[in-house]
Amino acid sequence: GSITSEIMMEILRDKESGINMEGGFMTTGSMVSVLPQQPNLPCIHYFTGTPDPARSVFKPFIFVPNITQLLKTTSPTFGHDDPVKKQPRFQSKPDRRHELYKKHESAAVVMETNEGKGKEMLEEIQKLEKQKISQIESILQNGCLDVNQVVKLFSQCVEEELKIY
């Protein structure tokens, strides 16, 4: 009863414990879900969509009708040229990183090499995450879900995170 979504996010960011992995076996993405006991409230899922939760925004997502396609977090497809479909299979390795993933990688380099700019970026993504958590809390306190209010919640947060990076 006392573990909040923010506490779970901090746990997933913990590198010292090995939960947030680096090196040969990297964390590939992190997710926290809030499953309310009241049937009228929606389940809230927070996804990073990026490999390092310590440098990522946990972005809120609620399953509702008419979700817009999540292009900035969808891995590219290669049609008939996909190494999975070509014979012999897996002879090449395509770049499957989506736009947010690529920007996140570039931002991680800045955060590691430019202390001032890196600290500023980290503060901005933490601020964005707190804003989104507050927005979700407000939605939940309202007691009923306005689908129009949340249909673009995740994609808008991705856009805001991209601007920070």
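Any value given below was found using the heavy atoms of this structure, including those in side chains, with hydrogens, waters and symmetry copies removed.
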Could you tell me if the side chain of Tyr46 sits less than 4.5 Å from the side chain of Ser33, heavy atoms only?
no

So which atom in Cys157 and which in Leu128 form the shortest heavy-atom distance, rounded to 0.1 Å?
O-CD2, 4.0 Å

Thr73-His98 side chain donor-acceptor pair, cut-off 3.5 Å:
no

Ring pair (Phe, Tyr, Trp, His ring centres under 6.0 Å) pairs touching residues 127-165, sequence neighbours excluded, are Phe61-Phe154, His104-Tyr165

By side-chain hydrogen bond (donor to acceptor under 3.5 Å, both in side chains), which residues pair with Asp82, not counting sequence neighbours?
Arg96

With sequence neighbours excluded, give me every salt bridge (charged side-chain N to carboxylate O under 4.0 Å, His left out) pair touching residues 59-78.
Lys59-Glu161, Lys72-Glu99, Lys72-Glu159

Enter the distance from Ser75:OG to Tyr101:OH here, rounded to the nearest 0.5 Å.
9.5 Å

List in chain and number order the residues that pass salt bridge (charged side-chain N to carboxylate O under 4.0 Å, His left out) with Glu124, two or more places apart in sequence or in another chain; answer none if no residue qualifies.
none

Is there a continuous path of hydrophobic side-chain contacts, each under 4.5 Å between heavy atoms, that joins Leu70 to Val147?
yes

Give the table of side-chain donor-acceptor pairs shorter than 3.5 Å for residues 8-16, with sequence neighbours excluded, one pair per line with atom names and distance.
unit_1: Glu10; atom_1: OE2; unit_2: Arg13; atom_2: NH1; d: 3.4
unit_1: Arg13; atom_1: NE; unit_2: Pro53; atom_2: O; d: 2.6
unit_1: Arg13; atom_1: NH1; unit_2: Glu129; atom_2: OE2; d: 3.1
unit_1: Arg13; atom_1: NH2; unit_2: Ser56; atom_2: O; d: 3.0
unit_1: Arg13; atom_1: NH2; unit_2: Glu129; atom_2: OE1; d: 2.5
unit_1: Arg13; atom_1: NH2; unit_2: Glu129; atom_2: OE2; d: 3.3
unit_1: Asp14; atom_1: OD1; unit_2: Glu16; atom_2: N; d: 3.1
unit_1: Asp14; atom_1: OD1; unit_2: Ser17; atom_2: N; d: 3.3
unit_1: Asp14; atom_1: OD2; unit_2: Ser17; atom_2: OG; d: 3.2
unit_1: Lys15; atom_1: NZ; unit_2: Glu22; atom_2: OE2; d: 2.9
unit_1: Lys15; atom_1: NZ; unit_2: Asp52; atom_2: OD2; d: 3.0

If you define the side chain from C-beta out and look only at heavy atoms, does anything of Thr50 sit under 4.5 Å from Leu100?
yes

If the threshold is 4.0 Å, N to carboxylate O, is there a salt bridge linking Lys132 and Glu160?
yes

Could you tell me if the side chain of Leu122 sits less than 4.5 Å from the side chain of Lys119, heavy atoms only?
no

Looking at CZ of Phe58 and CD1 of Ile125, how far apart are the two atoms once the value is rounded to the nearest 0.5 Å?
10.5 Å

Looking at residues at least two apart in the chain, or sitting in another chain, which of them share a salt bridge (charged side-chain N to carboxylate O under 4.0 Å, His left out) with Glu105?
Arg97

